Colleague: 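Before I ask anything, here is the structure I am working with.
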Amino acid sequence: PVPTYRPLGIPSESDARGGRLFVGRDREVRTLSDAIDKLEGAGIGSVIFVGGEAGIGKSRLLAEARTARGASTWVRVGAASYESDVPFAFAKRLVDACARVAGIDLGSDGAVGVLHDPEGTESDTQGLATSLAFAIGSAVGSAAAPVVFECDDIHWCDDSTAELLHYVVRMSLERPIAIVLGARDGELVDNESATRILRSFRRDGIIEEHLLLPLTERDVEELVRTLD
């Protein structure tokens, strides 16, 4: 038999993004906000990794951080399991998101258009890197506040994009950019390319890592009380 549960209701938008249903992660939200605050004073970039098992609240934590950082420009992109074997699939999502922030017309801008050329997606890696750098630079240049690039679910990131992310992170360290990477740590080990770039960031000391643990008993009790 399959257990079933009676739904208690549908949370409101405020509950879902920053209201009473979010408990036990205040410290993590403050840590992310503090890391972004440093961008304004230092003018240099940072890399933040948020990991944890499936369903533990990584995406929700990042959503709360976005809400808390209302003054920042936040570019959010998520990898998809069905595109994990498609070269540069995740990179295209990132370019599209940056282009929207910067107001770039992908149909007429040649530099970004390279990334959308089916003849070039597998052969012109340098051109793709240039396109991605151009799109990110345009997004940063058009923003009045520090820019946060959230790349969630990188355990599904395709190999080609992983290499581009490695390049993008390194070329962004001199800019007021925070690159936030999210992944299921249990599945990340199966993605050799993503694991390799994280290992490189650790070796060079340019990444701040946060592993989300299960809620404490007190946090669970508080969460249950909000559902009454």
Side-chain angles (χ1 to χ4, degrees), residues 27-54 56-59 61-62 65-66 69 72-80 84 87-95 97-98 125-126 128-137 139-140 146-213:
R27 181 180 62 82
E28 288 86 350
V29 171
R30 285 196 304 271
T31 298
L32 289 176
S33 293
D34 289 346
I36 298 167
D37 285 338
K38 294 177 183 176
L39 299 178
E40 297 180 283
I44 59 176
S46 64
V47 185
I48 303 168
F49 174 75
V50 179
E53 63 187 44
I56 204 167
K58 298 180 302 301
S59 298
L61 171 64
L62 295 176
R66 286 197 302 273
R69 297 299 310 177
S72 300
T73 298
W74 199 293
V75 180
R76 180 178 182 272
V77 188
S84 60
F88 301 108
F90 192 28
K92 290 181 180 180
R93 292 173 181 269
L94 184 56
V95 169
C98 292
T125 302
Q126 185 56 47
L128 301 177
T130 301
S131 297
L132 192 53
F134 174 81
I136 289 177
V140 174
V147 180
V148 181
F149 293 95
E150 175 191 335
C151 301
D152 201 7
D153 294 327
I154 64 167
H155 52 277
W156 287 327
C157 182
D158 61 275
D159 294 343
S160 302
T161 297
E163 296 304 320
L164 278 183
L165 277 178
H166 190 251
Y167 167 80
V168 166
V169 166
R170 293 190 175 281
M171 72 91 183
S172 300
L173 292 177
E174 301 301 320
R175 302 181 180 188
I177 297 174
I179 298 178
V180 181
L181 307 174
R184 299 176 184 174
D185 56 329
E187 297 183 34
L188 186 61
V189 295
D190 296 326
N191 189 318
E192 183 178 345
S193 296
T195 300
R196 184 169 58 251
I197 65 171
L198 290 176
R199 188 164 53 242
S200 174
F201 297 155
R202 293 187 192 108
R203 183 174 58 249
D204 294 339
I206 60 174
I207 190 169
E208 181 179 314
E209 299 186 70
H210 302 278
L211 181 63
L212 296 189
L213 300 175

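Counting from 1, the numbers follow the sequence of the chain as shown. Note that the structure is a prediction, hence the values are computed from the model and not measured.
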Colleague: Return the minimal non-hydrogen interatomic distance between Ala162 and Ala194, and the atom names on each side.
Modeller: CB-N, 4.2 Å
Colleague: Identify the residue among Asp159, Asp158, Thr161 that makes a side chain to side chain donor-acceptor pair (under 3.5 Å) with Ser193.
Modeller: Asp159
Colleague: How close do Ala183 and Phe49 get, heavy atom to heavy atom, and via which atoms?
Modeller: CB-CE1, 3.8 Å
Colleague: Hey, are the side chains of Lys58 and Leu212 touching, using non-hydrogen atoms and a 4.5 Å cut-off?
Modeller: yes
Colleague: Give the minimum heavy-atom separation between Ala91 and Leu164, together with the two atoms involved.
Modeller: CB-CD1, 4.0 Å
Colleague: Starting at CG of Leu211, measure out to CD of Glu53 and round the result to the nearest 0.5 Å.
Modeller: 9.0 Å
Colleague: Stepwise, does the side-chain contact (heavy atoms from CB on, under 4.5 Å) test hold for Val148 with Val180?
Modeller: CA-CA 7 Å; Val148 181; Val180 181; 3.8 Å; yes
Colleague: Would you kindly say whether Ser200 and His166 are connected by a side-chain donor-acceptor distance under 3.5 Å?
Modeller: yes
Colleague: Once rounded to the nearest 0.5 Å, what's the spacing between atom CD1 of Ile154 and atom CG of Leu165?
Modeller: 7.5 Å
Colleague: Tyr167 vs Ile197, test: side-chain contact (heavy atoms from CB on, under 4.5 Å). Steps then yes/no.
Modeller: CA-CA 10 Å; Tyr167 167 80; Ile197 65 171; over 6 Å; no
Colleague: Side chain of Thr195, backbone of Asp190: donor and acceptor closer than 3.5 Å?
Modeller: no
Colleague: Is a side-chain N or O of Asn191 found less than 3.5 angstrom from the main chain of Cys157, in a donor-acceptor match?
Modeller: yes
Colleague: Rounded to the nearest 0.5 Å, what's the gap from CD on Glu150 to CG on Leu62? Could you check?
Modeller: 4.5 Å
Colleague: Can a salt bridge be assigned to the pair Arg170 and Asp204 using a cut-off of 4.0 Å between side-chain N and carboxylate O?
Modeller: yes
Colleague: Return the CZ to CD distance between Phe88 and Glu163, rounded to the nearest 0.5 Å.
Modeller: 9.5 Å
Colleague: Counting distance only, does the side-chain N/O of His155 pair as donor-acceptor with the main-chain N or O of Glu187 below 3.5 Å?
Modeller: no
Colleague: Would you check if the side chain of Asp153 reaches a backbone N or O of Trp156 as a donor-acceptor pair within less than 3.5 Å?
Modeller: no
Colleague: Looking at every heavy atom in both Ala97 and Val75, which two are closest together, and how far apart are they?
Modeller: CB-CG1, 3.4 Å
Colleague: Please round to the nearest 0.5 Å and tell me the distance separating atom CZ of Phe90 and atom SG of Cys151.
Modeller: 4.5 Å
Colleague: Residues in side chain to side chain donor-acceptor pair (under 3.5 Å) with Glu28, at least two apart?
Modeller: none
Colleague: How many angstroms lie between atom CD1 of Ile48 and atom CG of Leu181, to the nearest 0.5 angstrom?
Modeller: 9.0 Å
